[in-house]
Amino acid sequence: MNNTIFTNARLIDPETGTDSPGWLHVSDGRLTARGEGDAPALEAQVVDCGGQCLAPGIVDIGVKVCEPGERHKESYKSAGLAAAAGGVTTIVTRPDTSPAIDTPEGLEFVTRRAQADAPVNVLPMAALTKGREGREMTEIGFLQDAGAVAFTDCDHVIANTKVFSRALTYARACGVLVIAHPQEPILSNGAAATSGKFAVLHGLPAVSPMAERMGLDRDIALLEMTGAAYHADQITTARALPALERAKRNGLDITAGTSIHHLTLNELDVADYRTFFKVKPPLRSEDDRQAVIEAIRTGLIDTISSMHTPQDEESKRLPFEEAASGAVALETLLPAALRLYHAGQLDLPTLFRAMALNPAKRLGLDSGRLSEGAPADLVLFDPDVPFVLDRFSLKSKSQNTPFDGQRMQGKVTATFVAGQEVYRRP
């Protein structure tokens with residue numbers, strides 16, 4: 001399929017903000033032409049899209065693949081298959097493995113594993129401090145040379161501001177992106193829910209939304225001091241949005257993301273202690289959810305990610321306070337996001353701006369677009385196919401999804417990486 005023409009497609013272009021019928025021509029793994037109406041007569045393999053949506057493949061920042069250390073939860077092969085089935089053509093992996101990816105040797109191991117096993121693009125991140133312990137920064141320059149696309153300690157907040165400021169200063173000198181988890185670590189320690197009536201009635205240890213605001217305020221102050229490039233992995237509360245807006249208005253090199261779970265679920269979904277709904281940070285109020293959706297619509301929050309976090313049955317079948325946080329979402333990211341489309345809250349170009357274009361731009365990639373010369377990383381999907389999700393049908397090794405048994409609408413038909421088909425719905 002080095003020379004392919006996609007015809008009869010509904011092109012979703014996040015760069016121009018358009019949703020219109022058209023065709024695409026792909027040659028040698030890149031987009032070479034596009035247009036409206038009937039496709040030109042070319043000597044090429046024809047893929048008739050049947051009027052379905054054709055969009056840039058999703059670029060998912062913050063995917064946990066449990067190699068090394070916990071391969072029984074997720075491998076690069078299973079994560080790659082799950083990504084392809086979900087229309088995710090590039091996964092940006094987290095370093096919160098066992099041990100953490102904090103050395104060039106560890107980074108090279110996972111890079112080789114990903115190249116051998118995963119059918120999609122895999123870009124690894126490295127830890128910002130050794131062991132993600134927040135005490136001593138890693139060899140950022142060597143890790144960058146080994147292929148790290150960004151640096152993060154994931155959900156381990158670096159409490160020592162001197163260590164964090166030095167790491168940000170060094171990151172700026174190297175021209176690398178730092179991804180942080182904005183939370184005040186003392187307030188949020190041990191929290192299983194967001195403070196409020198629901199947490200009180202259920203007797204759950206809770207954290208105030210202000211912990212996120214406080215963590216972001218501190219990080220913004222350090223950005224003013226160091227001038228580093230910074231991305232907040234998850235902004236989930238209305239309280240944090242004014243600080244983010246001010247930081248952007250003041251010209252800081254800051255972007256922010258949110259997770260699909262915080263966009264489509266709220267604290268009441270936990271119901272009677274359902275641990276598949278336990279994520280970090282905890283699910284928020286409905287007012288917070290609506291505020292975050294509006295921030296995606298306006299572009300204040302830049303990216304939507306799966307925050308794919310596999311956990312096995314033993315980790316989840318525990319009392320709510322003791323259960324591990326996290327949910328798998330590579331396959332459910334797109335159908336869950338389509339809930340917002342069907343509800344009339346976000347249109348498809350806006351969704352793909354946050355799921356494909358903006359993540360690619362933040363990482364300096366030329367994917368996430370339908371423009372000429374871009375990689376032919378594409379997802380073909382029907383936004384209107386209804387289904388009931390069965391978690392045991394997921395390709396991830398772990399099936400800890402909060403959407404199990406829920407009615408959803410929208411399925412991936414096919415996924416293409418560099419013009420090659422890596423998934424076709426049976």
Side-chain angles (χ1 to χ4, degrees), residues 57-102 106-127 132 148-150 152-156 179 181 233-234 259-261 275-280 305-318 323-336 359 389-404 412 415 417 422-423:
I58 296 168
V59 178
D60 192 1
I61 296 178
V63 174
K64 181 171 182 178
V65 180
C66 305
E67 290 189 75
E70 297 177 305
R71 198 167 184 268
H72 63 286
K73 292 184 178 181
E74 194 79 289
S75 66
Y76 276 98
K77 182 176 182 178
S78 61
L81 293 173
V88 178
T89 54
T90 299
I91 59 176
V92 184
T93 58
R94 305 195 321 242
D96 53 343
T97 49
S98 180
I101 307 300
D102 59 2
L107 194 70
E108 288 165 5
F109 166 78
V110 297
T111 300
R112 287 197 307 271
R113 206 57 173 265
Q115 289 173 345
D117 293 347
V120 299
N121 303 311
V122 178
L123 302 176
M125 296 189 286
R132 299 192 304 126
V149 297
T152 178
D153 277 358
C154 306
D155 59 353
H156 285 193
I179 298 180
H181 184 70
D233 65 351
Q234 295 183 78
S259 85
I260 190 61
H261 301 114
T275 59
F276 279 7
F277 290 81
K278 185 180 181 183
V279 293
K280 186 184 286 188
S305 64
S306 68
M307 293 309 293
H308 180 81
T309 306
Q311 301 289 3
D312 54 20
E313 297 284 327
E314 292 77 12
S315 302
K316 283 290 189 181
R317 303 266 180 222
L318 293 169
S325 297
V328 295
L330 281 168
E331 288 174 79
T332 56
L333 173 56
L334 181 55
L389 182 74
D390 176 6
R391 72 186 183 97
F392 295 107
S393 69
L394 297 177
K395 299 186 184 301
S396 292
K397 285 189 176 184
S398 300
Q399 282 102 24
N400 54 305
T401 172
F403 298 111
D404 183 38
V412 172
T415 303
V417 174
V422 295
Y423 171 79

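These numbers come from a predicted model, not from an experiment.
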message = Between His308 and Asp60, is there a side-chain donor-acceptor contact under 3.5 Å, judged purely by atom types and distance?
response = no
message = Does either side chain, that of Glu74 or that of Ser396, offer a donor lying less than 3.5 Å from an acceptor on the other one?
response = yes
query = Just by modelled atom types, is the Lys395 backbone N or O under 3.5 Å from a matching donor or acceptor in the Glu331 side chain?
reply = yes
key: Check: Thr415 side chain, Ala84 main-chain N or O, donor-acceptor pair, under 3.5 Å   = yes
ask   = Please walk me through it: do Glu313 and Arg391 pass salt bridge (charged side-chain N to carboxylate O under 4.0 Å, His left out)?
value = CA-CA 12 Å; Glu313 297 284 327; Arg391 72 186 183 97; 3.1 Å; yes
ask   = Below 4.5 Å, heavy atoms only, C-beta onward: do Thr93 and Val110 meet side chain to side chain?
value = no
request  = Could you grab the distance from atom NZ of Lys278 to atom NZ of Lys280, nearest 0.5 Å is fine?
outcome  = 8.0 Å
message = To the closest 0.5 Å, what do you measure between CG (Leu123) and CD1 (Ile91)?
response = 9.0 Å
key: Candidate pair Asp96 and Lys64, rule side chain to side chain contact (heavy atoms under 4.5 Å, CB included), full reasoning   = CA-CA 7 Å; Asp96 53 343; Lys64 181 171 182 178; 3.8 Å; yes
inquiry  = Run Met125 and Ile179 through side chain to side chain contact (heavy atoms under 4.5 Å, CB included) and show every step you take.
reply    = CA-CA 9 Å; Met125 296 189 286; Ile179 298 180; 3.5 Å; yes
remark   = Exactly one of Asn400, Val328, Thr275 clears side chain to side chain contact (heavy atoms under 4.5 Å, CB included) with Gln311, and that residue is Asn400
request  = Among Asp155, Asp153, Thr309, find the one that has a side chain to side chain donor-acceptor pair (under 3.5 Å) with Arg94.
outcome  = Thr309
